[in-house]
Amino acid sequence: MTAVTAPAALLEPARPPLARLTVVELRKMIDTRSGRWLLILIGLTAVAMMPVVLFAVPKEDQTLPEFFSASQTGVTILLPVLGILAVTTEWSQRTALTTFTLVPERPRILAAKLIAGSVLGALFACVGLVTALIARTIGEVLGRSDGSWSLSPGRFGLTVLFAVLVLFMGIAFGMLFMNSPLAIVLFFLLPTVWGTLGEMVSKLRGPAGWLDTNRTLTALSEPGITAEEWARAGTSLALWMVLPLVIGTIRLVRREVK
């Protein structure tokens, strides 16, 4: 018998590689009005913080790491919002139907979003470093800065890790609630309420030291992080990043696209 070959139109299309999905998700993060404005504001915040360090910090404390830490202020506040919108806009702008029809394997879309977020986190760390170098140079020329020029690779790596983690937390909250206003409000409100309770209620001060990301993640921006500080950061991230990410993934896989 002669084998019958199925028409090309009936063959299953090739699955797009993860690298291509990552590029698509990266464009979706930056190629929208809200995404572009968030990126612009993060950059402007980095620039705006440089005069603050130049004129408010003592001359001998104006080190390159000090400028670099200040340049990441916008990353801490606004990059998680970009992570939230990367997920929630799929549903609010009704692009989920196109996305999940072309790529039915939803965990692959999530993986692409996380990788794209990692790229953005590393990119803004590099932008912050360049901004800090320029500001430190200006301070040297003006005679206002007299601190160290040294910035260790480990310190830079921890800053990249911090940027990636806060964006992952934003993605996790976006997946958990799948509603932009609700996810953004609760992302900032819940840790703040928990931190406030930890300060006000004596019995909660111990757990707050392990579960308050405002405390535990601060160690990532400081030199000489200890094993206990790593443990505290990991514990808090398990609550505020891993748990929402797991529950959000289940919701993402099961949610019906309309």
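The analysis underlying the following values was restricted to heavy atoms, covering all of them including side chains, and did not include hydrogens, waters or symmetry mates.
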request  = Can you see which heavy atom on Met50 is nearest to which on Thr131, and at what distance?
outcome  = CG-CG2, 3.7 Å

query = Under the side-chain hydrogen bond (donor to acceptor under 3.5 Å, both in side chains) test, which residues partner Ser236, sequence neighbours left out?
reply = Thr216

inquiry  = Would Ile30 and Leu39 count as a side-chain contact (heavy atoms from CB on, under 4.5 Å) here? Give the steps.
reply    = CA-CA 7 Å; Ile30 64 179; Leu39 296 176; 3.2 Å; yes

query = Can you list every pair that meets ring pair (Phe, Tyr, Trp, His ring centres under 6.0 Å) and has a residue in residues 212-233, with sequence neighbours left out?
reply = none

message = Quick check: closest heavy atoms across Val253 and Arg106, and the distance to 0.1 Å?
response = O-NH1, 3.6 Å

request  = For the pair Trp240 (side chain) and Leu211 (backbone), establish whether a donor and an acceptor sit closer than 3.5 Å, ignoring hydrogens and angles.
outcome  = yes

task = Using side-chain contact (heavy atoms from CB on, under 4.5 Å) as the criterion, list what pairs up with Arg254, not counting sequence neighbours.
result = Ile250

task = Please list all pairs passing the salt bridge (Lys or Arg N to Asp or Glu O under 4.0 Å) test where one or both residues lie in residues 46-63, with sequence neighbours left out.
result = none

request  = Would you indicate whether Arg20, at its atom CZ, is surrounded by more than 12 heavy atoms from other residues, nucleotides or ligands within a distance under 6.0 Å?
outcome  = no

Distance-only check: which donor-acceptor pairs under 3.5 Å involve side-chain atoms of residues 188-198, not counting sequence neighbours?
{"unit_1": "Thr192", "atom_1": "OG1", "unit_2": "Phe188", "atom_2": "O", "d": "2.6"}
{"unit_1": "Thr196", "atom_1": "OG1", "unit_2": "Thr192", "atom_2": "O", "d": "2.8"}

key: Nearest heavy atoms of Ser71 and Ala46, plus distance in Å   = O-CB, 3.3 Å

inquiry  = Show me the pairs that pass side-chain hydrogen bond (donor to acceptor under 3.5 Å, both in side chains) and involve residues 140-152, at least two apart or across chains.
reply    = Gln62-Ser145, Arg136-Glu140

task = Go through the steps to decide whether Val75 and Ile42 satisfy the test side-chain contact (heavy atoms from CB on, under 4.5 Å), and finish with yes or no.
result = CA-CA 6 Å; Val75 170; Ile42 292 173; 3.9 Å; yes

task = Using the test salt bridge (Lys or Arg N to Asp or Glu O under 4.0 Å), find all partners of Arg27 that sit at least two apart in sequence or belong to another chain.
result = Asp31

remark   = Shortest non-hydrogen pair, Pro51 vs Val47, comes out as CD-O, 3.2 Å

Sequence neighbours left out, cut at 3.5 Å: what donor-acceptor pairs do the side chains of residues 154-168 make with other protein atoms?
{"unit_1": "Arg155", "atom_1": "NE", "unit_2": "Ser221", "atom_2": "O", "d": "3.2"}
{"unit_1": "Arg155", "atom_1": "NH2", "unit_2": "Ser69", "atom_2": "OG", "d": "2.9"}
{"unit_1": "Arg155", "atom_1": "NH2", "unit_2": "Ser221", "atom_2": "O", "d": "3.0"}
{"unit_1": "Thr159", "atom_1": "OG1", "unit_2": "Arg155", "atom_2": "O", "d": "3.0"}

task = Please answer: with hydrophobic residues joined when any side-chain heavy atoms are less than 4.5 Å apart, are Trp37 and Val87 in the same cluster?
result = no

Residues which pass side-chain hydrogen bond (donor to acceptor under 3.5 Å, both in side chains) with Thr45, listed by chain and number, not counting sequence neighbours = none

Atom pair CG/CG of Leu78 and Leu44 - distance to nearest 0.5 Å = 10.5 Å

request  = Enumerate the residue pairs fulfilling salt bridge (Lys or Arg N to Asp or Glu O under 4.0 Å) with a member in residues 67-87, sequence neighbours excluded, ordered by first and then second residue.
outcome  = none

message = Rounded at 0.5 Å granularity, tell me how far CD in Glu66 sits from CG in Leu54.
response = 11.0 Å

request  = Identify whether Ile184 and Leu182 are in the same connected component of the hydrophobic contact network (ILVMFWY, side-chain heavy atoms under 4.5 Å).
outcome  = yes

query = In terms of hydrophobic clusters joined by side-chain contacts under 4.5 Å, are Ile40 and Ile77 together?
reply = no

Let me check something: any side-chain donor-acceptor pairs from residues 108-130 under 3.5 Å, sequence neighbours excluded? List them with distances.
{"unit_1": "Arg108", "atom_1": "NH1", "unit_2": "Pro16", "atom_2": "O", "d": "3.1"}
{"unit_1": "Arg108", "atom_1": "NH2", "unit_2": "Pro16", "atom_2": "O", "d": "2.8"}
{"unit_1": "Lys113", "atom_1": "NZ", "unit_2": "Glu25", "atom_2": "OE1", "d": "2.7"}
{"unit_1": "Lys113", "atom_1": "NZ", "unit_2": "Ala86", "atom_2": "O", "d": "2.8"}
{"unit_1": "Lys113", "atom_1": "NZ", "unit_2": "Glu90", "atom_2": "OE2", "d": "3.0"}
{"unit_1": "Ser118", "atom_1": "OG", "unit_2": "Leu114", "atom_2": "O", "d": "3.0"}

message = Would you compute the distance between atom CZ of Phe177 and atom CD1 of Ile247 and round it to the nearest 0.5 angstrom?
response = 9.0 Å

task = For residues Gly174 and Thr88, report the shortest heavy-atom separation together with the two atoms involved.
result = O-CG2, 3.8 Å

key: Of all pairs that satisfy salt bridge (Lys or Arg N to Asp or Glu O under 4.0 Å), the ones with a partner from residues 226-246, not counting sequence neighbours   = Glu228-Arg232

inquiry  = With clusters defined by side-chain heavy atoms of hydrophobic residues (ILVMFWY) lying less than 4.5 Å apart, directly or transitively, does Leu85 cluster with Met241?
reply    = yes

inquiry  = Is there a continuous path of hydrophobic side-chain contacts, each under 4.5 Å between heavy atoms, that joins Met169 to Leu243?
reply    = yes

key: Shortest non-hydrogen separation from Arg251 to Leu176 and the atoms involved   = NH1-O, 2.5 Å

key: Spatial distance of atom CZ (Phe67) from atom CG (Leu133) [nearest 0.5 Å]   = 10.5 Å

inquiry  = Within the 4.5 Å heavy-atom criterion, are Leu82 and Leu79 side-chain neighbours or not?
reply    = yes

